[in-house]
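Take a look at the structure below.
Computed from heavy atoms alone, side chains included, the values below leave out hydrogens, waters and symmetry copies.
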Amino acid sequence: MMRKLLIAILALCFAFIAALTACSTLSHHTASPYDKDAAAAAQIEREAADWCAEHGRPAGLPTLPFRFDGCSWSPDGNWRDCCQTHDYAYWCGGSPDDRAIADEALRQCVVANQGQALGALVWLGVRAGGHPVVPLYFRWGYGHAYAGCYPESVETQQDTD
């Protein structure tokens with residue numbers, strides 16, 4: 001009974017927070033140093049674009065700018081680099097399998113830096129809060145317009161520039 005009550009409370013809290021941020025996009029970087037250093041911001045944006053190119057842009061080239069807020073809705077501990085790489089994958093989007101791979105890589109990275117318990121907690125958080133149906137600014141495929149579903153995978157296209 002207590003477990004069901006705890007799950008219900010957590011679900012209500014999540015629903016309330018989701019409603020506050022629904023269908024919004026992060027308009028600028030909020031994580032230091034990217035929030036105040038234009039050169040650092042440009043560098044992280046290039047790294048995100050390079051990540052998409054290296055991984056075949058599974059959902060096509062993102063149409064919305066990459067923005068980084070650290071480890072969304074959690075403290076930025078010594079696992080912040082894990083969150084940054086994970087955000088590259090979430091910005092690019094792709095299939096459910098692509099997302100599962102990104103989430104597992106995040107879990108393993110957090111485990112290596114902080115241990116099994118936090119790794120499991122972070123994994124649960126991104127599995128629940130990062131689903132593309134959830135209209136949050138850090139959902140899967142947030143580099144694409146909100147569609148409420150997994151974006152269709154597209155064939156890799158070579159850059160012409």
Minimum-distance pair of heavy atoms, taken over all atoms of V126 and Y90: O-OH, 3.5 Å
Taking side chain as C-beta onward, heavy atoms only, is F68 less than 4.5 Å from E47? no
Looking only at heavy atoms, which two atoms of A41 and Y34 are closest? And how far apart? CB-O, 3.6 Å
Shorter than 2.5 angstrom, is that how the SG atoms of C71 and C83 come out? yes
Between N113 and W79, which heavy-atom pair has the shortest distance, and what is it? CB-CB, 4.3 Å
Under 3.5 Å, is there a donor-acceptor pair linking the side chains of R67 and Y137? no
Taking all atoms of both residues into account, what is the closest heavy-atom pair of A59 and G93, and its distance? CB-C, 4.0 Å
Going by side-chain hydrogen bond (donor to acceptor under 3.5 Å, both in side chains), name the pairs with one or both residues in residues 117-128, residues two or more places apart or in two chains. D103-R127
In the structure I gave you, are the side-chain heavy atoms of H131 and Y150 within less than 4.5 Å of one another anywhere? yes
If you look at every heavy atom in Y146 and V133, which pair is closest and at what distance? OH-O, 2.6 Å
Mind listing the closest non-hydrogen atom pair of R139 and H144 along with its distance? NH2-O, 2.7 Å
Could you tell me which residues satisfy side chain to side chain contact (heavy atoms under 4.5 Å, CB included) with C52, sequence neighbours excluded, listed by chain and number? R57, P62, W91, C92
For W51, does its backbone N or O pair with a side-chain atom of H55 as donor and acceptor, under 3.5 Å? yes
